[in-house]
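Below, chain A is the first sequence line, B the second, and so on; all start at residue 1. This is a predicted model, so every value here is computed, not measured.
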There are 2 protein chains.
Amino acid sequence: MSSTLPSTSRSLPIALIRAREGVMAPIREMLTETGITEQQWRVLRVLSEHGLLDTTTLAERSSLLFPSLTRIAASMRDKGLITQTRDEIDRRRQLIEITAAGQKIIDDRTSQSTQIVDDIKTKLGTDNYETLLDLLGLLDISSND
Amino acid sequence: MSSTLPSTSRSLPIALIRAREGVMAPIREMLTETGITEQQWRVLRVLSEHGLLDTTTLAERSSLLFPSLTRIAASMRDKGLITQTRDEIDRRRQLIEITAAGQKIIDDRTSQSTQIVDDIKTKLGTDNYETLLDLLGLLDISSND
DNA sequence: ATCATTTCCTTAACATGTTAAGTATCGTGG
DNA sequence: CCACGATACTTAACATGTTAAGGAAATGAT
């Protein structure tokens with residue numbers, strides 16, 4: 001007779017939103033100075049880590065939906081942060097690569113970004129931090145079990 | 001000299017996004033049948049739990065930004081899910097209340113919603129589930145420590 | 001080769017996230 | 001009572017989330 005929903009104060013979706021907000025607040029603050037958005041930062045991070053990528057792979061690795069990435073990539077191209085080229089073998093594919101200007105943003109902010117993450121680890125404790133990442137991984141659809 | 005960012009595959013913000021996506025997917029599926037969005041569902045949940053609320057409190061409890069709630073409330077009013085009245089004491093305040101039609105949505109979906117949450121608990125194990133909520137709470141700014 | 005299907009991406013439309021500016025009301029010191 | 005700042009919301013503007021439809025290139029069966 002489970003006729004009552006759990007209190008919203010103990011709701012997992014809401015807890016995830018609030019935790020994300022807590023984590024992103026200092027990062028967003030940093031990015032405001034840089035003039036890029038959180039999503040653009042994610043794209044730069046992935047491109048910096050993996051090099052040349054097609055749009056599908058990039059969308060997956062940066063956890064962006066395809067239509068969002070289309071717009072974001074166009075904006076980043078206009079800003080000179082990435083280049084878009086067509087795959088000559090499979091002309092449906094688009095290949096995206098980070099530019100020197102894009103890489104410079106990463107380089108300039110790496111130290112600051114690392115500090116923010118360290119602060120969070122300290123706040124939670126390293127063990128808890130790792131536990132949290134593991135538990136979140138269990139909820140991830142794309143890494144199915 | 002921490003000159004390298006953590007791999008994006010072990011990034012907390014991205015893990016939070018993906019976990020949220022995993023949790024919300026079945027809920028969103030349920031809500032599609034109902035014809036309301038995830039945020040509207042949250043508003044209904046909070047109103048059902050707490051009764052009459054002013055906009056500020058409602059925004060906070062449903063984890064929505066004020067401008068978003070303004071739009072969402074207007075849309076929900078037009079759908080007949082809530083009522084908006086002005087506070088006669090403090091005429092700046094707006095009081096929002098769930099309607100019978102809104103409550104019916106909650107009632108109709110409570111069982112299904114509970115089942116979804118139970119599935120997640122089972123997937124993680126109850127202990128892990130509680131641990132996860134606790135850890136997420138530590139990241140929440142609004143519940144500062 | 002040709003047509004249907006699939007794959008990769010773009011566009012469109014609407015809702016929300018986010019920041020900033022604007023409006024109306026309240027409370028307070030002078 | 002009045003000017004002032006604070007509070008509670010609204011609007012605006014732009015970026016993203018989300019779903020659906022569309023377009024172009026590859027693939028496979030005939």
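- A residue-by-residue look at A:Thr70 and A:Arg20 shows that A:Thr70 has its nearest nucleotide of DNA chain C further toward the 5' end.
- Here the side chains of B:Val43 and B:Ile96 are not in contact, with every heavy-atom distance at 4.5 Å or above.
- When rounded to the nearest whole Å, the span between CZ of B:Phe66 and C1' of C:dA21 equals 16 Å.
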For residues 64-76 of chain B, tabulate all N or O donor-acceptor pairs below 3.5 Å that involve a side-chain atom, not counting sequence neighbours.
unit_1, atom_1, unit_2, atom_2, d
B:Thr70, OG1, B:Phe66, O, 3.3
B:Ser75, OG, B:Gln40, NE2, 3.3

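- Annotation: of the two residues near DNA chain C, A:Pro67 and B:Ser68, the 5′-most nearest-nucleotide partner is A:Pro67.
- Comparing A:Asp90 and A:Ser75 against DNA chain D, the residue whose closest nucleotide sits nearer the 5' end is A:Ser75.
- Annotation: side chain of B:Arg42 is in contact with side chain of A:Ile14 (closest heavy-atom distance under 4.5 Å).
- Taking the 5' to 3' direction, DNA chain D first and last meets chain B under 4.0 angstrom from a heavy atom at D:dA6 to D:dT19.
- When heavy atoms are screened at a 4.0 angstrom cut-off, A:Leu69 is found touching no nucleic acid atom at all.
- Between A:Arg86 and A:Leu65, the one whose closest nucleotide on DNA chain D sits nearer the 5' end is A:Leu65.
- Other residues, nucleotides and ligands contribute over 12 non-hydrogen atoms within 6.0 Å of the CD atom of A:Glu33.
- In this structure, B:Asp54 atom CG and C:dC26 atom C1' are separated by 15 Å, rounded to whole Å.
- A:Arg71 comes within 4.0 angstrom of a nucleotide base, judged by non-hydrogen atoms across all strands.
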message: Could you walk me through whether A:Glu97 and A:Thr85 satisfy the side chain to side chain donor-acceptor pair (under 3.5 Å) test, starting with their C-alpha distance in whole Å, then the side-chain angles of each, then the deciding distance to 0.1 Å, before giving a yes or no?
response: CA-CA 8 Å; A:Glu97 192 167 19; A:Thr85 54; over 6 Å; no
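- Atom CZ of A:Arg77 is separated from atom C1' of C:dT10 by 12 Å (rounded to the nearest Å).
- Side-chain contact annotation: A:Gln39 with A:Ser62, donor-acceptor N/O pair under 3.5 Å absent.
- Residue-level contact check: B:Ile89 touches the backbone only, with heavy atoms under 4.0 Å from sugar-phosphate atoms and none from bases.
- Distances from the side chain of B:Arg92 to the nucleotides C:dT7, C:dT10, C:dA24 place C:dA24 closest.
- For the pair A:Arg93 CZ and C:dT10 P, the interatomic distance rounds to 13 Å; values are reported in whole Å.
- Note on A:Thr55: only backbone sugar-phosphate atoms sit closer than 4.0 angstrom, heavy atoms only; bases stay farther off.
- Between B:Leu132 and A:Leu139, some side-chain heavy-atom pair lies under the 4.5 Å cut-off.
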